[in-house]
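Scope of the values below: all heavy atoms of this structure, side chains included, with no hydrogens, waters or symmetry mates.
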Amino acid sequence: MSGKTAWTAAFALFAAAWIFCAPGFAEDEAPRIAKEEVKALMNDPNIALLDARITQDWKKSGQRVAKAVREDPNEIGSWAGKYKKDQLLVFYCD
């Protein structure tokens, strides 16, 4: 792994840990979007809808978000690079 790739992966893991492990920060600072707004954006190629519920909650729920890509929040380093830097990522993590 190159130095730049390792740094990017480390930063992505830190960012994910910060967001998922700091609920007060995430609740106060993360922009929210209504499901009606998400529905209006679903066919926009610049939007990626990600189901980022922790695995046990995702499996237990049985409900799936239409057109969402399932991404494990504990594995962000393995999937973060597949999204464009200018792409809007919308996370479902209820």
Side-chain angles (χ1 to χ4, degrees):
M1 182 181 297
S2 74
K4 184 177 179 181
T5 303
W7 186 90
T8 302
F11 179 79
L13 286 170
F14 173 78
W18 180 259
I19 290 168
F20 290 108
C21 297
F25 174 80
E27 288 177 13
D28 294 339
E29 300 296 329
R32 304 289 182 186
I33 185 169
K35 64 182 174 182
E36 293 78 19
E37 291 176 275
V38 173
K39 286 180 184 179
L41 297 171
M42 288 180 104
N43 293 319
D44 184 334
N46 293 315
I47 305 293
L49 180 57
L50 307 176
D51 187 334
R53 292 177 284 176
I54 58 173
T55 302
Q56 62 206 29
D57 290 345
W58 180 75
K59 286 181 178 178
K60 205 172 26 172
S61 164
Q63 293 182 323
R64 302 298 179 249
V65 179
K67 297 188 179 184
V69 175
R70 166 74 178 113
E71 299 288 12
D72 187 336
N74 296 316
E75 301 294 328
I76 192 169
S78 68
W79 55 261
K82 55 183 192 179
Y83 298 99
K84 299 174 197 167
K85 291 182 182 185
D86 62 342
Q87 192 171 23
L88 176 62
L89 303 180
V90 178
F91 292 91
Y92 177 77
C93 45
D94 184 23

Here the gap from Q63 atom CD to Y92 atom OH, rounded to the nearest 0.5 Å, amounts to 6.5 Å
Looking only at heavy atoms, the pair that brings A52 and C93 closest together is O-CB, 4.0 Å
Report task. Indicate if W58 and V65 have the same hydrophobic cluster label, given that clusters are the connected sets of ILVMFWY residues with side-chain heavy-atom separations under 4.5 angstrom. Result -> no
| message | Counting C-beta onward and ignoring hydrogens, is there a side-chain heavy-atom pair between L41 and I33 closer than 4.5 Å? | response | yes
Sequence neighbours excluded, the answer for side chain to side chain contact (heavy atoms under 4.5 Å, CB included) partners of A34 is E36, E37
What one should report as the nearest heavy-atom pair of E71 and L50 is CG-CD2, 3.9 Å
With the 4.5 Å side-chain cut-off for hydrophobic clustering, are V90 and M42 part of the same group?
yes
Note: N46 and Q87 closest approach over all heavy atoms is O-CG, 3.2 Å
Walk me through it: do V69 and W79 pass the test side chain to side chain contact (heavy atoms under 4.5 Å, CB included)? CA-CA 11 Å; V69 175; W79 55 261; over 6 Å; no
When rounded to the nearest 0.5 Å, the distance separating CG of D72 from CG of D51 is 10.5 Å
Please check: side-chain N/O of R53 versus main-chain N/O of K59, any donor-acceptor pairing under 3.5 Å?
no
Say whether N43 and K67, considering side chains only, have a donor N or O and an acceptor N or O under 3.5 Å apart.
yes
Min side-chain heavy-atom separation R70-T55 under 4.5 Å = yes
